[in-house]
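Reminder, nothing fancy here: chain letters follow the sequence lines and each chain counts from 1.
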Protein chains: 2
Amino acid sequence: MRIGELAARTDVSVRSLRYYEEQGLLTSSRSASGQRHYTEAEVERVRFIQRLYAAGLSSRTIAELLPCVDTPSEGNSDAALERMAQERNRLSEHINELVRTRAALDILMATARAHRESEALAQSV
Amino acid sequence: MRIGELAARTDVSVRSLRYYEEQGLLTSSRSASGQRHYTEAEVERVRFIQRLYAAGLSSRTIAELLPCVDTPSEGNSDAALERMAQERNRLSEHINELVRTRAALDILMATARAHRESEALAQSV
DNA sequence: CTAAAACCTGACATTGATGTCAGAGGCAAG
DNA sequence: CTTGCCTCTGACATCAATGTCAGGTTTTAG
């Protein structure tokens with residue numbers, strides 16, 4: 001498929017796809033005239049990339065991990081495994097923090113609701 | 001306390017504290033000579049702001065929610081409550097996504113480890 | 001064949017939070 | 001009083017991901 005279709009199917013802009021390639025996160029075969037062509041597999045790959053972005057990884061970090069996805073053997077494995085474990089921890093910590101923040105929001109909302117009700121009560125008297 | 005101390009205690013740069021004030025997230029009383037002064041309460045507030053930033057809220061969004069924290073009564077409550085619920089949902093979704101990403105990373109790591117072991121095995125033969 | 005739509009490269013713009021610098025003033029200790 | 005550190009404002013720089021535009025080529029549909 002060409003870049004437009006990949007963009008449509010992944011909800012990622014054409015611009016971004018080209019940027020991913022520039023950053024070494026994505027590869028494409030080129031037609032004789034130079035147009036990028038992708039296979040089905042790239043759809044999943046782009047979604048995975050998006051997911052890592054959403055997890056707060058930079059493209060540099062993603063670029064370090066993806067080779068490990070492509071060829072899960074090789075000498076890279078050792079350092080890459082370390083790297084992944086590290087990012088995994090960062091992610092876990094981040095998740096914990098978000099959960100705590102959500103809890104804080106819940107308390108805030110409960111307080112606000114309580115105030116609203118006490119106001120309604122005051123008004124009804 | 002002055003801005004330097006607040007910065008030190010919250011691990012937020014002086015520059016950022018001034019930025020928060022500019023964005024309406026933080027207020028300070030000024031001394032006669034124009035220097036900012038803060039109370040103990042601001043320490044917690046800055047930490048909370050950082051927390052919301054980490055949760056992916058923009059300063060604009062934070063600015064919408066904080067009034068509701070300061071005066072949890074008033075007419076703002078109604079719209080603000082809606083806003084908070086909305087952000088709360090966004091946050092929950094985000095957390096879910098991160099958890100799924102972490103799971104994907106775990107699978108990747110397991111695969112890499114398996115490969116490493118099978119290689120070690122091959123070498124030992 | 002022709003026009004519209006999609007693609008190419010390369011460049012510049014944008015956004016948000018933050019860094020950094022310059023020039024000036026404030027404040028505490030020696 | 002002076003020296004050193006902190007603070008002030010205002011401006012410009014940065015970074016990463018993405019948007020946007022221009023000028024040119026390719027592909028597709030009629």
Query raised in the report: If you measure from the Lys or Arg side-chain nitrogens to the Asp or Glu carboxylate oxygens, is any gap between B:Arg18 and B:Glu22 under 4.0 Å?
Result: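 No, no charged N to carboxylate O under 4.0 Å.
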
Is any side-chain heavy atom of [Y] closer than 4.5 Å to one of [X]?
X: B:Leu66; Y: B:Arg45; result: yes
X: A:Leu6; Y: A:Arg2; result: no
X: A:Val43; Y: A:Tyr38; result: no

Query raised in the report: Restricting to pairs with a member in residues 3-26 of chain A, which pass ring-ring contact (aromatic ring centres under 6.0 Å, His included), not counting sequence neighbours?
Result: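 Those involving residues 3-26 of chain A are A:Tyr20-A:Tyr53.
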
**Report entry** Side-chain donor or acceptor of B:Thr111 paired with backbone N/O of B:Ile107 under 3.5 Å
**Finding:**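 The answer is yes, because a donor-acceptor pair under 3.5 Å joins these two groups.
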
Grab the [atom1]-[atom2] distance between [X] and [N] for me, whole Å please.
X: B:His37; N: D:dT7; atom1: NE2; atom2: C1'; answer: 10 Å
X: B:Arg60; N: C:dT15; atom1: CZ; atom2: C1'; answer: 14 Å
X: B:Ile3; N: D:dC6; atom1: CD1; atom2: C1'; answer: 11 Å

Query raised in the report: Any side-chain donor-acceptor pair under 3.5 Å between A:Glu21 and A:Ser28?
Result: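 Yes, A:Ser28 and A:Glu21 have a side-chain donor paired with an acceptor closer than 3.5 Å.
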
**Report entry** Sorted by number, the residues of residues 10-25 of chain A with heavy-atom contact under 4.0 Å to DNA chain D
**Finding:**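 Heavy-atom cutoff 4.0 Å gives A:Ser13, A:Arg15, A:Ser16, A:Tyr19, A:Tyr20.
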
**Report entry** Close residues, residues 38-59 of chain B, relative to DNA chain D [heavy-atom separation under 4.0 Å]
**Finding:**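 The answer is none.
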
Report task. Give every residue pair that meets the side chain to side chain donor-acceptor pair (under 3.5 Å) criterion with at least one member in residues 94-103 of chain B, sequence neighbours excluded. Result ->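 Counting only pairs at least two positions apart or across chains, the side chain to side chain donor-acceptor pair (under 3.5 Å) contacts touching residues 94-103 of chain B are A:Ser92-B:Arg102.
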
Query - Presence of B:Arg30 side-chain N/O under 4.0 Å of C:dG26 phosphate oxygens OP1/OP2 - result: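 Indeed not, no polar side-chain atom of B:Arg30 lies that close.
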
Query - By salt bridge (Lys or Arg N to Asp or Glu O under 4.0 Å) - contacts of B:Arg83 (at least two apart) - result: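 B:Arg83 satisfies salt bridge (Lys or Arg N to Asp or Glu O under 4.0 Å) with B:Glu64, B:Glu87 once adjacent residues are dropped.
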
Query - Within 6.0 Å of CZ in B:Arg30, more than 12 heavy atoms from elsewhere - result: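 Correct, the count exceeds 12.
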
Requested in this report: Encode nucleotides 21-30 of chain D as B, S and - characters from 5' to 3', where the letter depends on protein heavy atoms closer than 4.0 Å: B to the base, S only to sugar-phosphate, - to neither.
Outcome: -----SS---

